[in-house]
Amino acid sequence: LSRVLLRRCLLGGIAFGLDLVLFFTALKLTTVANTTVIASLQPVLLVFAAPLLFHEKIKVHEVLLAAVAIVGVVLVVFGATGLPQWSARGDVWALATLFAWTGYFMASKAARAHLSAVEFTAGATLIAAVVVTPFAALSGQDWGPPTAGNWFWIAMMAIGPGWAGHYLMNWALGHVPIWFGGCVALASPVASAVMAALFLDEHVTVLQGLGMAVTVASLIAMTLIGALLTSSSAPSPVADEP
């Protein structure tokens with residue numbers, strides 16, 4: 001954890017910390033489906049950012065399939081309107097999460113030209129912890145030690161999405177265009193909505209189900225076409241572990 005490493009992780013760590021604060025606030029106010037769906041609308045922002053910041057060429061079929069995926073996401077959002085767990089205020093917090101999450105994505109893509117996935121994940125997570133701590137201190141919530149049962153879920157969160165999920169995403173962003181990573185991430189709200197229905201008793205409407213089907217279908221098409229077109233392309237320069 002050198003000064004150079006932390007400096008290259010600074011923007012990503014700040015964006016990641018803000019994403020954590022905004023995402024979990026939104027999650028407490030509105031549905032799991034809406035929170036994850038709105039926060040995953042990165043392709044809308046990345047379509048404009050990728051050509052400007054990373055000189056990535058966006059093809060017509062990629063824009064069209066991303067638009068179809070976003071339509072599916074919009075159906076999920078509108079399908080939640082009127083549900084007991086839904087809140088317009090929570091949706092606004094989720095919209096703010098979208099910008100923080102997109103900033104983290106772009107910072108990760110830029111840093112991966114110089115750092116390995118392990119280095120960036122470690123540095124960005126450390127900086128994010130520093131960013132989150134003041135918000136936690138000012139939140140007014142109980143800082144008492146968690147119960148034994150809560151420690152289990154904290155450990156699962158840290159090992160699963162906290163470490164493995166972000167490490168794999170940061171590794172992948174060194175090998176695929178940033179817009180592609182953002183589009184594939186649209187599968188996350190579909191999986192989250194299904195699990196919320198199974199484990200948290202959150203109702204999923206017919207319109208939401210239709211939106212999920214549209215999103216998954218467009219992602220499958222985008223992944224297959226992208227794999228066929230880029231199979232012979234040279235990989236992006238990244239700093240990977242041997």
Side-chain angles (χ1 to χ4, degrees), residues 9-50 53 66 69-81 83 85-111 120-121 124-125 127-136 138-139 141 157-158 160-163 165-166 168-170 172-173 178-179 181-196 200 202 208 211-212 215 219:
C9 296
L10 181 62
L11 293 179
I14 292 173
F16 184 35
L18 293 176
D19 169 72
L20 290 172
V21 172
L22 296 168
F23 177 80
F24 284 104
T25 301
L27 201 60
K28 292 174 65 176
L29 297 175
T30 190
T31 66
V32 171
N34 282 32
T35 302
T36 53
V37 162
I38 295 172
S40 296
L41 283 173
Q42 291 173 314
V44 178
L45 303 182
L46 294 179
V47 161
F48 296 100
L53 300 178
I70 292 168
V71 169
V73 167
V74 170
L75 292 176
V76 175
V77 173
F78 279 101
T81 305
L83 293 178
Q85 302 93 346
W86 175 78
S87 163
R89 181 181 166 207
D91 285 359
V92 172
W93 280 96
L95 184 62
T97 304
L98 166 63
F99 290 93
W101 182 236
T102 303
Y104 176 62
F105 237 67
M106 292 190 293
S108 175
K109 178 68 174 179
F120 178 75
T121 304
T125 304
I127 293 169
V130 175
V131 171
V132 168
T133 299
F135 289 97
L138 297 173
S139 67
Q141 298 186 44
M157 179 69 129
W163 177 78
H166 283 279
L168 291 172
M169 186 194 73
N170 291 331
L173 285 176
I178 189 171
W179 66 264
C183 288
V184 172
L186 281 169
S188 175
V190 177
S192 298
V194 171
M195 288 190 287
L200 300 178
E202 283 196 3
Q208 284 181 301
M212 293 177 196
T215 299
L219 288 175

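Arg89 contributes atom CZ, which lies 11.5 Å from atom OG1 of Thr30 (distance to the nearest 0.5 angstrom).
Here the side chains of Asp91 and Leu95 are not in contact, with every heavy-atom distance at 4.5 Å or above.
Across all their heavy atoms, Asp19 and Thr97 have their closest contact at OD1-CG2, 3.1 Å. Nearest heavy-atom pair across Ala107 and Leu11 is CB-C, 4.2 Å. Smallest separation of non-hydrogen atoms from Ala100 and Ala15: O-CB, 3.6 Å. Contact detail for Phe16 and Ala128: the closest heavy-atom pair is CD2-CB, 3.6 Å. For the residue pair Ala111 and Phe120, the shortest heavy atom distance occurs at CB-CD1, 3.4 Å. Between Ala124 and Tyr104, the shortest heavy-atom distance links the atoms CB-CE1, 4.3 Å.
Taking the side chain to side chain contact (heavy atoms under 4.5 Å, CB included) definition, one finds that Val92 meets it with nothing, sequence neighbours left out. Ser108 meets the side-chain hydrogen bond (donor to acceptor under 3.5 Å, both in side chains) test with Asn170; sequence neighbours excluded. Looking at residues two or more places apart in sequence or on another chain, you find a side chain to side chain contact (heavy atoms under 4.5 Å, CB included) between Ala26 and Thr35, Trp93, Ala94. Taking Ala96 as the reference, Leu22 meet the side chain to side chain contact (heavy atoms under 4.5 Å, CB included) condition, with sequence neighbours excluded. Here Thr102 pairs with nothing under the side-chain hydrogen bond (donor to acceptor under 3.5 Å, both in side chains) rule; sequence neighbours left out. Scanning for side chain to side chain contact (heavy atoms under 4.5 Å, CB included) contacts around Leu168 gives an empty result, with sequence neighbours left out.
Under the 30°/60° scheme for interplanar angles, the aromatic rings of His166 and Trp101 are found to stand perpendicular.
In summary, of the residues considered (Ile14, Leu20, Val21), a side-chain contact (heavy atoms from CB on, under 4.5 Å) with Leu18 occurs for Ile14 alone.
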